[in-house]
Amino acid sequence: MSDEVLTAKELIAKRAASELKENHVVNLGIGIPTLVAKYVQSDSIFFHTENGLLGVKELSDESEYDPFRVNAGKLPVGEMLGASYFDSATSFAMIRGSHVDVAILGTLQVDEEGLIANWAVPGKNIMGVGGAMDLLVGAKKIIVTTFHTNKSGESKLVKKCTYPITSIRKVDMIITELAVFERKNEEWHLIEVMPNATFQQVMDHTEFSFKVDESLTQFDKGLLR
Amino acid sequence: MSDEVLTAKELIAKRAASELKENHVVNLGIGIPTLVAKYVQSDSIFFHTENGLLGVKELSDESEYDPFRVNAGKLPVGEMLGASYFDSATSFAMIRGSHVDVAILGTLQVDEEGLIANWAVPGKNIMGVGGAMDLLVGAKKIIVTTFHTNKSGESKLVKKCTYPITSIRKVDMIITELAVFERKNEEWHLIEVMPNATFQQVMDHTEFSFKVDESLTQFDKGLLR
Amino acid sequence: MMGKILEARKALEKIQSGQTLMVGGFGLVGAPLTLIDELTQLDVYNLTIISNNLGEAGKGLGILLRQGKIKKAIGSYFTSNREVGDAYNKGEIDIQLLPQGTFAESIRAGGAGLGGYYTRTGVDTELSKGKEIREINGVRYLFEPALTADVALIKAHKADKLGNLTYYKTGRNFNPIMATAAKYVIAEVDEIVDTGALSPEEIVTPHLFVNAIVLSKKILTKEGVVTR
Amino acid sequence: MMGKILEARKALEKIQSGQTLMVGGFGLVGAPLTLIDELTQLDVYNLTIISNNLGEAGKGLGILLRQGKIKKAIGSYFTSNREVGDAYNKGEIDIQLLPQGTFAESIRAGGAGLGGYYTRTGVDTELSKGKEIREINGVRYLFEPALTADVALIKAHKADKLGNLTYYKTGRNFNPIMATAAKYVIAEVDEIVDTGALSPEEIVTPHLFVNAIVLSKKILTKEGVVTR
């Protein structure tokens, strides 16, 4: 890593990356989740993209670029040793059949019950859903990575989703630029305050109720770089 | 072909082979149907076996034998140029999805309505069904090849199946050592008397009612060799 | 056996107004660009298009949309072409939006001769409205019917002369399943090889699914889409 | 990453009495002979076996039947072992007979996270008794639930060290679908190659489906089954 200070997005992605374990098969959503791959060093964490590739890696240089090798966000990617290609039905069979360990997704809202809304905005035409609903029902663990608030400064961690929910399946973890929440016994637990954030900021910008974990830690400032 | 006179089984198989057209994909059942391949010269008729091979051919010699290449009857087979292998779900997707043009099947009974019973005998345990039911619903055309009578001399071409039927789908053609019947307008039509058989024999050994086709022909004796 | 190798225009002659077409591709990747280009030049209307997306504004299938040839679109991500929403608002086209996994699975089901299936995806969301929900072993599932088409336009990498196909990288996507689910399947390919040149184990789409083979003229390269 | 390569006995430690096992193979072809052999030596009972057939009398899974370890068998062709019928008549085992296409499709559905599906196969036959029939677009279909298992024993040709698999000729059969439908999947293989030795396009079963790799000791050859 360079000496440059991470942006908020990068910080979130880096924290999410630290959740991944050896042999995990991981699907990354569009946006902040896509950045997670950058912070994974292990060659035994395997990235799956629903358009039909297991073993996605970051492009190491321009020469590796192949227009026929993209991720779900249609961005060019590389392939690691041991990668494989398959059709979309097989790819979603992997997802729905619970063969993907972790999905890291962005969201518009996440609520007290653990539901997320990340595919549609009320009042607008619903013109796209992509793989979000399938990932929600199928992945063993769902980590939501998002800014804590939207562009208007409103909390995205709401009492109850006002946007259409993506699934009735509850998510397991939320990572924002301010905090990390984990879902335990049907409740949100604040387990970490992110570096450069304060507990007060988390309180001020979180709409849903949560418990504060006994082991609450301020994340190591080293994460910033 | 040799100068040897064909057995009844071979005669039936040879007549069935003459129904196959260029580019047909054909699935052969166990027993007499398996012999059909022997009488097909074209390299653009493609044999499908439900255990996962398109492009079955007769073994040309012992050196071609591979214990990992068998047909649905578990007999060793060869593969033609352009053959492909696939799993059982894909293979039956081909069958149910109507991608197989012709299935040639043996039977215990075939009745006036066009239904066949070829998988179970009443009073005995039903312990096997294999792919018969799938072929019946899926193949575009079903040709039944069978002896006209069973070992007790009873007609297998019955008024109504007394054995459990294989499917509610009606078959299209029956080829026996005595005759060829074609199904038209929901009725059986006798279209050919086989060489060395007589019309009277067909009448005597057929239990179901049938029409006699105006163009009824005695098949060329040349077929016998 | 050269019978399946055709010019694009000839292969597309099968297509008639009112038909349902499947078109492969995830964005430009794995899309049959030559066939789509030719399709926009045909006088056919009232088409139902089954495709993950409808190109971009005025590009690919987006041209067909502008031409008013599309009656209905079934897919999972039309957001890539803002004109789809506009056409929908004007009542010009009907839209059926499916989760991408459901979209893929329904096509596979159609090709496999199934009537429909039960998936957990979408249960109790906006996309399950009006659909049957059934509990199986204590879990709620949504009924989804199979999808089939009259014609499929797909993109493969290599074809042999019989029509056996292989694919290249993420260009595979919806193409192999669409190849199974239409009455007439036209495969656009980068290269046509002799029968026997593809190993029997590497063939992804066996030839019984393929009716016509067309050599690609418009191809996706590092420099974008080029005509060769 | 040598973690998945295990001795047969070690890999089979996961299996417990009362579990449901899938076992690949069409007769001897594509059957995991080494794993089956080892399975007959385990002290596990009340197993439900999902396999196209139950070997032959006193051979393969037929040994397990004689040992009284099988509570229930789900498959399509038990006729190859006459002792299956005998055991059923004595009330020793329960049998669920499915058309072979339904058997395969139910396993695929299980692996794909579906609850069940509708097929035309078997409608209004002895095998549809007690099953739901539903009309979809004027055609009668039978509901069939998905099948899943605790452990799958499969046979592949080559595995790389991550567990990516390829198959050999008609030895493929039920193996790739069973690999998707069990919580723990043990693949017996002829050869283990370095990761990267299999092309990304030729891999049939991606490694995420495979938990353990075992090198074959009992193999099917021209001379029959031999121990190497």
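Chain letters run A, B, ... following the sequence lines, proteins first and then strands; every chain starts at 1.
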(Q) Counting only non-hydrogen atoms closer than 4.5 Å, can you tell me which residues of residues 198-213 of chain D sit against chain A? (A) P200(D), E201(D), I203(D), P206(D), H207(D), L208(D), F209(D)

Q) Do other residues, nucleotides or ligands put more than 12 heavy atoms under 6.0 Å from K141(A) NZ? A) yes

Q: Report, as yes or no, whether the 6.0 Å neighbourhood of atom CD on E7(D) holds more than 12 heavy atoms from other residues, nucleotides or ligands.
A: no

Q: Heavy atoms only: give me the nearest R108(D)-A93(A) pair and the separation to one decimal.
A: NH2-CB, 4.4 Å

Q: Output the distance between atom CG (L81(A)) and atom CG (D160(D)), rounded to the nearest 0.5 Å.
A: 8.5 Å

Q: May I ask you to check whether over 12 heavy atoms, not counting those of Y77(D), lie within 6.0 Å of atom OH?
A: no

Q: Give a yes or no on this: more than 12 heavy atoms of other residues, nucleotides or ligands lie within 6.0 Å of atom NZ of K57(A).
A: yes

**Q.** CG (D61(A)) with more than 12 external heavy atoms under 6.0 Å
**A.** yes

Q: Mark yes when over 12 heavy atoms from residues, nucleotides or ligands other than K160(A) sit less than 6.0 Å from its NZ; otherwise mark no.
A: no

Q: Would you please go through residues 26-40 of chain D and name the residues with a non-hydrogen atom below 4.5 Å from one of chain A, in numerical order?
A: none

Q. Got a sec: does the NZ of K170(A) have more than 12 other heavy atoms crowding it under 6.0 Å?
A. yes

Q.
Would you say NZ of K10(D) has more than 12 non-hydrogen atoms from neighbouring residues, nucleotides or ligands within 6.0 angstrom?
A. no

